[in-house]
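None of these values were measured; they are calculated from a predicted model.
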Amino acid sequence: MNRRYAIAAAAFAALLLAVTAAKILHVPVPWAAPSARAVEQRGPLSDGEKATIEIFERVSPSVVQVAVKSAANPLMGEEGQGGSSGTGFVWDRDGHLVTNNHVVASGGEIAVRFASGEVAQVDLVGTAPNYDLAVLRIRSVRELPPPVALGSSSDLKVGQSAFAIGNPFGLDQSMTSGIISALKRRLPTHGGREIANVIQTDAAINPGNSGGPLLDSAGRLIGVTTAIISPSGSNAGIGFAVPVDVVNRIVPELIRNGRVPTPGIGIVAAGEDVSTRLGVEGVIVVRTAPGSPAERAGIRGVNFSTGAVGDIITAVEGKPVRRLSDLTDALEQAGAGKTVRLTVKRGSDSRDVNIGIIDIDRS
């Protein structure tokens, strides 16, 4: 009995010694019950984190997911499969929403989903393909989130913070941040024109973000995200947004009339590659449309018999014109129905010509 007791006591002592050694050496004991680790206390959020959180919490309720139902395929697709899914945001308290034209261009039935999860049917109020903008209106009266606060794009600086809220790949209520990478970019549109003064940002923008708000550090709207440059179709750090000053000019026109005039003077201009090859700074007039303001003002195009260059537009209201987007931007700023002073060079001579602006889509 004493011998068995001694053996049992020795075994227990050996076991106790092994457990103690395991604890000292931090070796897990297989039969020990696992326990949750203690939570480390977090320090206070930084001022930058607090500001970013405040922007998202304030603006995200006003951002919606836009989905277009295809007549051929009743399932809602992702942007990139017919451009049927994107982002929009509340513009005013009358139920108007802003998004990209290319998001709704397929012409199907449109619905939006709010941050609350509520789905609403909307009507298409108007589109502006030359600016890749569209306005929607909610059919049923409901209590809307507040409109996104409006900022300005005229005083933006490269390097300042930028925030995008949208629905990349159908994942709703996503926020990304970055900086304004460049200003005064030119972005071609499906309408064959260019949007001037476009904002470039490295805030991640992916398919599904199109039509969402680009915000400054005060949470104000500074642009509408519209496109990315990427070989893979995903974010590569180069995204673009239509500047808010353009948006604030175009959207009220769409709400009033459903369309935006395309200001012009009735010319066909040579491409920039032609001007570069010829060493010309300005817009080379190839030809004028019959009966157009340009023809009536005596603007002369290229002589196709001799190949001689005719008139070159070098300024509008004294402001230099170096490329076609400079001219179209100046005409858009003035608006259809107004008259502008063009500086036109023919050979070695320059002259000023007063010329009326028309809505070329209706001429």
Open item on the list: For E54 and K50: C-alpha separation, side-chain torsions, deciding distance, then whether salt bridge (charged side-chain N to carboxylate O under 4.0 Å, His left out) applies.
Closed with: CA-CA 6 Å; E54 193 275 333; K50 291 178 182 177; over 6 Å; no
TODO: Before giving the answer on side chain to side chain contact (heavy atoms under 4.5 Å, CB included), spell out for W91 and L97 the whole-Å C-alpha distance, their side-chain angles and the decisive distance to 0.1 Å.
DONE: CA-CA 5 Å; W91 177 259; L97 310 172; over 6 Å; no
TODO: Give the C-alpha distance, both sets of side-chain angles, the deciding distance and a yes or no for side chain to side chain contact (heavy atoms under 4.5 Å, CB included) between F114 and V63.
DONE: CA-CA 7 Å; F114 287 85; V63 179; over 6 Å; no
Open item on the list: I'd like to know whether D273 forms a salt bridge (charged side-chain N to carboxylate O under 4.0 Å, His left out) with R277, so could you lay out the CA-CA distance, the side-chain angles of the two residues, the decisive distance to 0.1 Å, and finally the verdict.
Closed with: CA-CA 6 Å; D273 56 338; R277 286 199 302 271; 3.7 Å; yes
Task: salt bridge (charged side-chain N to carboxylate O under 4.0 Å, His left out) assessment of D311 paired with R346 - done: CA-CA 5 Å; D311 288 334; R346 183 182 298 173; 2.6 Å; yes
Task: Check against side chain to side chain contact (heavy atoms under 4.5 Å, CB included), L215 and I222 - done: CA-CA 5 Å; L215 310 165; I222 56 173; 5.6 Å; no
Task: Test side chain to side chain contact (heavy atoms under 4.5 Å, CB included) applied to V119 and V112, step by step - done: CA-CA 6 Å; V119 176; V112 299; over 6 Å; no
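Summarising the geometry, atom CD belonging to Q65 is positioned 6.0 Å from atom CG belonging to D172; distances are rounded to the nearest 0.5 Å. With rounding to the nearest 0.5 angstrom, the CZ atom of R220 is 7.0 Å from the OG atom of S152. A distance of 11.0 Å separates CG of L324 from CG of D329, quoted to the nearest 0.5 Å. For the atom pair CZ (R351) and CG (L342), the distance works out to 9.5 Å, reported to the nearest 0.5 Å. Here I299 contributes atom CD1 and I265 contributes atom CD1; the two are 6.5 Å apart, rounded to the nearest 0.5 Å. For the atom pair I205 CD1 and T225 OG1, the distance stands at 5.0 Å (nearest 0.5 Å).
Note on L133 and L187: same hydrophobic cluster, where clusters join Ile, Leu, Val, Met, Phe, Trp and Tyr whose side-chain heavy atoms are under 4.5 Å apart, directly or indirectly. Residues I284 and V321 do not share a hydrophobic cluster, clusters being chains of Ile/Leu/Val/Met/Phe/Trp/Tyr side chains in contact below 4.5 Å. Following chains of ILVMFWY side-chain contacts shorter than 4.5 Å, one can reach F163 starting from V198, so the two form part of one hydrophobic cluster. Hydrophobic clustering (side-chain heavy atoms under 4.5 Å, transitive across Ile, Leu, Val, Met, Phe, Trp, Tyr) keeps V268 apart from V285. Hydrophobic clustering of Ile, Leu, Val, Met, Phe, Trp and Tyr side chains at less than 4.5 Å, counting indirect connections, keeps I55 apart from I199.
Side-chain contact between F240 and R186 is absent, with no heavy-atom pair separated by less than 4.5 Å. Two residues are said to be in side-chain contact when any heavy atoms from C-beta on lie closer than 4.5 Å; V280 and V309 fail this criterion. A 4.5 Å side-chain heavy-atom check between V66 and V104 finds at least one atom pair inside the cut-off. Looking at T328 and T262, their side chains never come closer than 4.5 Å, going by heavy atoms from C-beta outward. Counting heavy atoms from C-beta on, the side chains of L221 and L214 never come closer than 4.5 Å. Contact check for V125 versus H96: side-chain heavy atoms found under the 4.5 Å cut-off. Using a 4.5 Å cut-off on side-chain heavy atoms (C-beta onward), D359 and R259 make contact. No side-chain heavy atom of Y131 sits less than 4.5 Å from a side-chain heavy atom of N101.
Within 6.0 Å of atom CZ in R287, 12 or fewer heavy atoms from other residues, nucleotides or ligands are found, so the atom counts as exposed in its surroundings. By the neighbour-count criterion of 12 heavy atoms within 6.0 Å, atom CZ of R300 is sparsely surrounded, having that number or fewer from other residues, nucleotides or ligands.
When atom types are taken as modelled, the side chain of S140 and the backbone of Q121 share no donor-acceptor pair closer than 3.5 angstrom. A donor-acceptor pair is defined here as one N or O able to donate and one able to accept, closer than 3.5 Å; no such pair exists between the side chain of N248 and the backbone of V244. Side-chain atoms of S292 never come within 3.5 Å of backbone atoms of T288 as a donor-acceptor pair (strictly under, hydrogens ignored). At least one donor-acceptor pair under 3.5 Å links the side chain of S153 to the backbone N or O of D245. Between the side chain of S62 and the backbone N or O of V148 there is no donor-acceptor pair closer than 3.5 Å. A donor-acceptor pair under 3.5 Å is absent between the side-chain atoms of N100 and the main chain of H102, judged by distance alone. Not one N or O on the side chain of E253 forms a donor-acceptor pair closer than 3.5 Å with the backbone of I250. Checking side-chain atoms of N303 against main-chain N and O of A308 turns up no donor-acceptor pair under 3.5 Å. Put simply, the side chain of N209 gets close to the backbone of N206: a donor and an acceptor are under 3.5 Å apart. Here the side chain of T87 pairs no donor or acceptor atom with the backbone of G166 at under 3.5 angstrom.
Closest approach of A336 to I358, counting heavy atoms only: CB-C, 3.9 Å. The minimum heavy-atom distance between P252 and V247, with the atom names listed, is CD-O, 4.0 Å. Listed here is the closest heavy atom pair of P61 and Q173: N-OE1, 4.4 Å. Smallest separation of non-hydrogen atoms from S106 and V68: OG-CG1, 3.3 Å. Closest approach of I180 to K157, counting heavy atoms only: CB-O, 3.8 Å. The nearest pair of heavy atoms linking G219 to V59 is O-CG2, 3.8 Å.
Between D123 and R137, none of the side-chain N atoms (NZ, or NE/NH1/NH2) sits under 4.0 Å from a carboxylate O, so this pair counts as no salt bridge.
With no hydrogens or angles considered, a side-chain donor-acceptor pair links T226 and D132 at under 3.5 Å. Residues N354 and T339 bring no donor and acceptor atom of their side chains to less than 3.5 Å of each other. Looking only at atom types and distance, the side chain of S161 has no donor-acceptor partner in the side chain of D216 under 3.5 Å away.
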